[in-house]
Amino acid sequence: MRTATYAQSVIRLLSGKGIRSRQVKSPVEISRNGCGYAVAVKNSDPESLTAAMEQSGLPNFKIYSTSDGRNFHQIR
């Protein structure tokens with residue numbers, strides 16, 4: 001995400017769906033230019049995240065998964 005405001009909008013949206021999340025700096029592994037923001041969610045179902053985001057009408061988004069915090073793979 002390019003802006004903190006967009007990340008905060010996503011956090012509010014997910015919170016309203018009962019999904020806990022937090023804003024973090026985008027990991028360099030997934031950031032095109034080394035800066036930006038991401039929303040971290042632990043142990044959540046990717047389908048519920050996708051559904052919440054699609055229903056919200058927020059602009060394009062990507063969902064990544066990682067088990068070690070270093071190796072990311074895009075799941076949406």
Side-chain angles (χ1 to χ4, degrees):
M1 296 169 198
R2 292 184 183 156
T3 68
T5 303
Y6 183 75
Q8 292 165 357
S9 295
V10 171
I11 290 168
R12 279 192 299 277
L13 167 78
L14 295 177
S15 178
K17 302 281 185 182
I19 301 171
R20 293 184 62 191
S21 60
R22 63 187 174 94
Q23 180 177 319
V24 297
K25 291 286 288 170
S26 289
V28 78
E29 295 85 1
I30 62 173
S31 179
R32 289 185 184 150
N33 58 6
C35 62
Y37 299 92
V39 175
V41 180
K42 286 187 178 181
N43 303 323
S44 188
D45 173 36
E47 278 117 31
S48 64
L49 293 173
T50 300
M53 292 294 293
E54 287 176 347
Q55 291 170 1
S56 74
L58 289 172
N60 293 335
F61 63 94
K62 296 178 183 173
I63 297 176
Y64 292 88
S65 179
T66 181
S67 59
D68 62 7
R70 293 189 194 123
N71 298 305
F72 293 86
H73 67 277
Q74 187 173 344
I75 55 178
R76 182 193 190 289

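Residues: numbered from 1 along the sequence shown. Both backbone and side-chain heavy atoms feed into the values below; hydrogens, waters and symmetry mates do not.
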Closest non-hydrogen atom pair, [X] against [Y]:
X	Y	value
Val39	Ala7	CG2-O, 3.7 Å
Leu13	Ala52	CD2-O, 3.6 Å
Arg20	Val41	O-CG1, 3.7 Å
Ala38	Pro27	CB-CD, 4.3 Å
Asn71	Thr66	O-OG1, 3.0 Å
Ile11	Arg22	CD1-C, 3.8 Å

Would Lys17 and Gln55 satisfy side-chain contact (heavy atoms from CB on, under 4.5 Å), going step by step from the backbone distance to the final call? CA-CA 11 Å; Lys17 302 281 185 182; Gln55 291 170 1; 3.4 Å; yes
List in chain and number order the residues that pass side-chain hydrogen bond (donor to acceptor under 3.5 Å, both in side chains) with Gln74, two or more places apart in sequence or in another chain; answer none if no residue qualifies.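 Expected list: none.
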Nearest 0.5 Å please: distance from the [atom1] atom of [X] over to the [atom2] atom of [Y].
X	Y	atom1	atom2	answer
Ile75	Lys62	CD1	NZ	13.5 Å
Arg12	Ser21	CZ	OG	11.0 Å
Ser48	Met53	OG	CE	12.0 Å
Ile63	Thr50	CD1	OG1	3.5 Å

Is there side-chain contact between Tyr37 and Lys25, with heavy atoms separated by less than 4.5 Å?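 Yes; the side chains approach each other to less than 4.5 Å.
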